[in-house]
A.B. asks: 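The following block contains the structure, expressed as structure tokens.
FYI, side chains are in, hydrogens and waters are out, and symmetry mates aren't considered; it's all heavy atoms of this structure.
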Amino acid sequence: MQTPKTGKTSETVQARGTRDGRRAAPAAWRRIAGAVCVASGAALLMSLAFAAPAQAAVFKDTELQSLLDAGRADELEKVAGRRLEAKPEDGQAAAALTLAQLDLADPAALRRNTQRLEQCLQRSPDDGACHYALALALVMQARGGSKFKALGSLGRVSELAQRAMTLMPDAPEPRSALQQYYLALPSFVGGGESKARALEQGVEDAAQLQLMRARVAASRKDWPAMEKALRAVRTQRPELLLELRVLWSDYGRQLMFSDQREKAVPWFEELVKSQPTQAMGAYGLGRAYDALGQYDKAVAAFERARTQQGAEQLGLDRRLGSALQAKGDAAQARTALQRCVDNRRASAGDVEDCRKRLTQLGAAG
């Protein structure tokens, strides 16, 4: 709890007495909000398109599932929107539209989607996709409200995620989301590593197990164990390849900001080679080069990523504009940074940074 947009891991906060416990709780809901976004935004809306169908699916509808697996968020949004116009009670379309719009800075759209999903559960209480999408929507909704409201919603988020996992036992997304939920929260508010590890029971897919173990290792900052688990993953399932990309990128970012930053380049090169049609590998490679101050190579990698699947979810133009600015190409930097500002899927933080950079470039020009 994988989006939308971003892929960062975080350690579990332990309660140390009443005062520290009160201080930990608000931080906990922010972590779970971010974790959910990984599973929903990044991990659900960025994936690899393979000819072979997934062994398990969030959606019964093959068109919606294929768009989800291909990381085509914009197209998924259009298809789901058209279907809802034709049939407002279409629960699968309501869930798909929610997942496609989770990363939009549009509280009105989030409210509409949440209402549709609540209606879906009333009409079809056994629709796992609606349970799953509603859990993620509630977390995103909580991010825009008060800390207390957010904490109050956590119980229902957990119930919805567990119900989704029960209804879709072979689909890895609900189980992964629930695992991230547990890892993001301390035990005193319903989380904890023991619960996260317990979710491994009953998982028969070896690749899925390794991904779950990599996620636990990341939460403990056990980087050697995380790398070992990721390298052991062998799969062609699109939804697991999606999780592999996200966790692979998490580890790559850890390398980037450590004293081993030079190892991030070959790490991301492996991802580019193994999943060449996906933007995340080239994007990570660009960030690795940027961290090393190799701006020409960073720009080339970011430009490559812009043409690939899943690019719309990555905040590419902010990184590209920054690298262009660093290498002294003010004109191209302005173009990229303006795209960032105009991007309806850009995060508030990205837009703010891009505006600041545009102001700097304007003053310099």
A.B. asks: Report the C-alpha distance between Tyr182 and Glu193 in whole Å, list the side-chain angles of each, state the deciding distance to 0.1 Å, and finish with yes or no for side-chain hydrogen bond (donor to acceptor under 3.5 Å, both in side chains).
C.D. replies: CA-CA 7 Å; Tyr182 289 146; Glu193 184 179 318; over 6 Å; no

A.B. asks: Rounded to the nearest 0.5 Å, what's the gap from CD on Glu75 to CG on Leu68? Could you check?
C.D. replies: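 That separation rounds to 13.0 Å.
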
A.B. asks: Between Asp290 and Lys297, is there a side-chain N and carboxylate O pair less than 4.0 Å apart?
C.D. replies: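 Here Asp290 does not pair with Lys297 in a salt bridge, since their nearest N and O are not under 4.0 Å apart.
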
A.B. asks: Applying the 4.5 Å side-chain criterion to the ILVMFWY set and letting contacts propagate, would Leu138 and Met165 be lumped into a single cluster?
C.D. replies: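 In one cluster with Leu138: Met165, yes.
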
A.B. asks: Answer yes or no: is there a donor N or O on one side and an acceptor on the other, between the side chain of Glu312 and the main chain of Asp74, under 3.5 Å?
C.D. replies: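 It does hold such a pair.
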
A.B. asks: Has the side chain of Ser124 got a donor or acceptor atom that lies under 3.5 Å from a matching backbone atom of Leu121?
C.D. replies: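 No, the answer is negative, given that no donor and acceptor are paired below the 3.5 Å cut-off.
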
A.B. asks: State, yes or no, whether a side-chain contact exists between Leu324 and Thr335 at a heavy-atom distance under 4.5 Å.
C.D. replies: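 No. Closest side-chain heavy atoms not under 4.5 Å.
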
A.B. asks: For Asn343 and Arg339, indicate whether the former's side chain and the latter's backbone hold a donor-acceptor pair under 3.5 Å.
C.D. replies: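 Such a contact is absent between Asn343 side chain and Arg339 backbone.
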
A.B. asks: Any side-chain heavy-atom pair from Leu84 and Arg116 closer than 4.5 angstrom?
C.D. replies: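 Side-chain contact under 4.5 Å: yes.
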
A.B. asks: Mark yes or no for whether Ser274, through its side chain, and Leu271, through its backbone, hold a donor-acceptor pair below 3.5 Å.
C.D. replies: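 Side chain of Ser274 to backbone of Leu271: a pair is present.
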
A.B. asks: Are Leu97 and Leu64 in one and the same hydrophobic cluster, where Ile, Leu, Val, Met, Phe, Trp and Tyr link if side-chain heavy atoms are under 4.5 Å apart?
C.D. replies: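 Different clusters.
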
A.B. asks: For the atom pair OH (Tyr289) and CZ (Phe268), what is the distance rounded to the nearest 0.5 Å?
C.D. replies: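 Reported value, rounded in 0.5 Å steps: 12.0 Å.
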
A.B. asks: Would Leu240 and Val233 satisfy side chain to side chain contact (heavy atoms under 4.5 Å, CB included), going step by step from the backbone distance to the final call?
C.D. replies: CA-CA 9 Å; Leu240 293 183; Val233 174; 6.0 Å; no

A.B. asks: Side chain to side chain contact (heavy atoms under 4.5 Å, CB included) between Val272 and Arg304: does it pass, once the steps are laid out?
C.D. replies: CA-CA 11 Å; Val272 170; Arg304 174 179 177 179; 3.4 Å; yes

A.B. asks: Can you measure from CZ (Arg72) to CD (Glu77) and round to the nearest 0.5 angstrom?
C.D. replies: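 CD of Glu77 is found 13.5 Å from CZ of Arg72.
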
A.B. asks: Does the pair Lys273 and Glu269 meet the rule for a salt bridge (Lys or Arg N to Asp or Glu O under 4.0 Å), with working shown?
C.D. replies: CA-CA 6 Å; Lys273 183 177 180 180; Glu269 285 177 337; over 6 Å; no

A.B. asks: Just wondering, do Val246 and Met280 contact through their side chains at under 4.5 Å, heavy atoms?
C.D. replies: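 Touching, per the 4.5 Å side-chain cut-off.
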
A.B. asks: Check step by step if side chain to side chain contact (heavy atoms under 4.5 Å, CB included) holds for Gln275 and Leu244.
C.D. replies: CA-CA 10 Å; Gln275 301 193 36; Leu244 178 60; 4.2 Å; yes

A.B. asks: Answer yes or no: is there a side-chain heavy-atom contact under 4.5 Å between Gln325 and Gln332?
C.D. replies: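 Answer no - side chains too far apart.
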
A.B. asks: Out of the candidates Leu102, Leu134, Val157, only one should pair with Val139 under the side chain to side chain contact (heavy atoms under 4.5 Å, CB included) rule; please name it.
C.D. replies: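 When Leu102, Leu134, Val157 are each tested with Val139, the side chain to side chain contact (heavy atoms under 4.5 Å, CB included) holds only for Val157.
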
A.B. asks: Under a 3.5 Å distance rule, please check whether Tyr283 uses its side chain to pair with a backbone N or O of Leu314 as donor and acceptor.
C.D. replies: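 Such a contact is found between Tyr283 side chain and Leu314 backbone.
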
A.B. asks: Once rounded to the nearest 0.5 Å, what's the spacing between atom OG of Ser66 and atom CG of Asp61?
C.D. replies: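 Answer for the OG-CG pair, Ser66 versus Asp61, is 8.0 Å.
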
A.B. asks: Less than 4.0 Å between a side-chain N and a carboxylate O, is that true for Asp106 and Arg344?
C.D. replies: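 A salt bridge is absent here (no side-chain N lies under 4.0 Å from a carboxylate O).
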
A.B. asks: Please check if the side chain of Trp248 supplies one atom and the backbone of Trp267 the other of a donor-acceptor pair under 3.5 Å.
C.D. replies: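 Yes, the answer is positive, given that a donor and an acceptor are paired below the 3.5 Å cut-off.
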
A.B. asks: With a 4.5 Å cut-off on side-chain heavy atoms, are Arg111 and Thr114 touching?
C.D. replies: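 They are not in side-chain contact.
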
A.B. asks: Are the charged groups of Glu200 and Arg213 less than 4.0 angstrom apart, N to O?
C.D. replies: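 Salt bridge present between Glu200 and Arg213.
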
A.B. asks: Can Tyr251 and Glu227 be counted as having a side-chain donor-acceptor contact under 3.5 angstrom?
C.D. replies: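 Present: a donor and an acceptor within the cut-off.
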
A.B. asks: For the atom pair CZ (Arg306) and CZ (Phe302), what is the distance rounded to the nearest 0.5 Å?
C.D. replies: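 So the gap between those two atoms works out to 12.0 Å.
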
A.B. asks: Could you state the interatomic distance from SG (Cys120) to CG (Asn113), rounded to the nearest 0.5 Å?
C.D. replies: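 Cys120 SG to Asn113 CG: 12.0 Å, rounded to 0.5 Å.
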
A.B. asks: Please check this pair: side chain of Gln309 against backbone of Thr277, looking for a donor-acceptor N/O pair closer than 3.5 Å.
C.D. replies: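 No; judged by distance alone, with no hydrogens or angles, the pair does not exist.
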
A.B. asks: Please check: side-chain N/O of Ser258 versus main-chain N/O of Leu255, any donor-acceptor pairing under 3.5 Å?
C.D. replies: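 Side chain of Ser258 to backbone of Leu255, a donor-acceptor pair under 3.5 Å: yes, one is there.
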
A.B. asks: Just by modelled atom types, is the Val351 backbone N or O under 3.5 Å from a matching donor or acceptor in the Arg318 side chain?
C.D. replies: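 No, Arg318 side chain to Val351 backbone: no donor-acceptor pair under 3.5 Å.
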
A.B. asks: Considering only NZ, NE, NH1 and NH2 on the basic side and carboxylate oxygens on the acidic side, decide whether Asp126 and Arg163 come within less than 4.0 Å.
C.D. replies: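 Result for this pair is yes, salt bridge flagged.
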
A.B. asks: Indicate yes or no: at least one non-hydrogen side-chain atom of Gln208 is less than 4.5 angstrom from one of Arg175.
C.D. replies: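 Gln208 vs Arg175: side chains touch.
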
A.B. asks: Restricting to non-hydrogen atoms, name the atom on Ala129 and the atom on Ala95 that form the minimum distance, rounded to 0.1 Å.
C.D. replies: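 So the minimum-distance heavy-atom pair works out to O-CB, 3.7 Å.
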
A.B. asks: Charged N to carboxylate O under 4.0 angstrom, Arg237 versus Glu243?
C.D. replies: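 Here Arg237 does not pair with Glu243 in a salt bridge, since their nearest N and O are not under 4.0 Å apart.
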
A.B. asks: Side-chain heavy atoms under 4.5 angstrom apart, residues restricted to Ile, Leu, Val, Met, Phe, Trp, Tyr: same cluster for Tyr295 and Val265?
C.D. replies: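 No; Val265 is not reachable from Tyr295 via cluster members.
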
A.B. asks: Under a 4.5 Å side-chain heavy-atom rule over Ile, Leu, Val, Met, Phe, Trp and Tyr, are Leu178 and Leu160 clustered together?
C.D. replies: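 Linked within one cluster.
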
A.B. asks: Any salt bridge between Arg156 and Glu118, counting N to O under 4.0 Å?
C.D. replies: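 Judged by the 4.0 Å cut-off on N to carboxylate O distance, Arg156 and Glu118 do form a salt bridge.
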
A.B. asks: Should Leu211 and Ser176 count as side-chain neighbours, where that means a heavy-atom distance under 4.5 Å?
C.D. replies: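 Leu211 does not reach Ser176 side chain to side chain.
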
A.B. asks: Mind checking whether Tyr181 and Leu199 sit in one hydrophobic cluster, side chains of I, L, V, M, F, W, Y counted as touching below 4.5 Å?
C.D. replies: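 Same hydrophobic cluster.
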
A.B. asks: Identify the heavy atoms of Ala279 and Gly310 that sit nearest to each other, and give their distance.
C.D. replies: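 Closest heavy-atom pair between Ala279 and Gly310: CB-C, 4.1 Å.
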
A.B. asks: Check Ala94 against Thr98 and note the closest heavy-atom contact, atom names and distance.
C.D. replies: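 Nearest heavy atoms, Ala94 then Thr98: O-OG1, 2.9 Å.
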
A.B. asks: Picking from Gln360, Arg355, Arg357, what satisfies side chain to side chain contact (heavy atoms under 4.5 Å, CB included) with Leu337?
C.D. replies: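 It is Arg357; the other options fail the test.
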
A.B. asks: I'd like to know if the side chain of Gln179 and the backbone of Met212 have a donor-acceptor N/O pair within less than 3.5 Å.
C.D. replies: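 Looks like yes, one N/O pair under 3.5 Å.
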
A.B. asks: List the steps, then state whether side chain to side chain contact (heavy atoms under 4.5 Å, CB included) holds for Gln101 with Leu110.
C.D. replies: CA-CA 8 Å; Gln101 293 183 337; Leu110 185 59; over 6 Å; no

A.B. asks: State, to 0.1 Å, how close Ala282 and Ala305 come at their nearest heavy-atom pair, and which atoms those are.
C.D. replies: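 That would be CB-CB, 3.8 Å.
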
A.B. asks: Taking Arg82 first and then Glu85, would you say they form a salt bridge - that is, a charged N and a carboxylate O separated by under 4.0 Å?
C.D. replies: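 Salt bridge flag = no for Glu85 with Arg82.
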
A.B. asks: Could you go through the side-chain hydrogen bond (donor to acceptor under 3.5 Å, both in side chains) check for Asp342 and Gln338 one step at a time?
C.D. replies: CA-CA 6 Å; Asp342 296 338; Gln338 189 60 54; 3.2 Å; yes

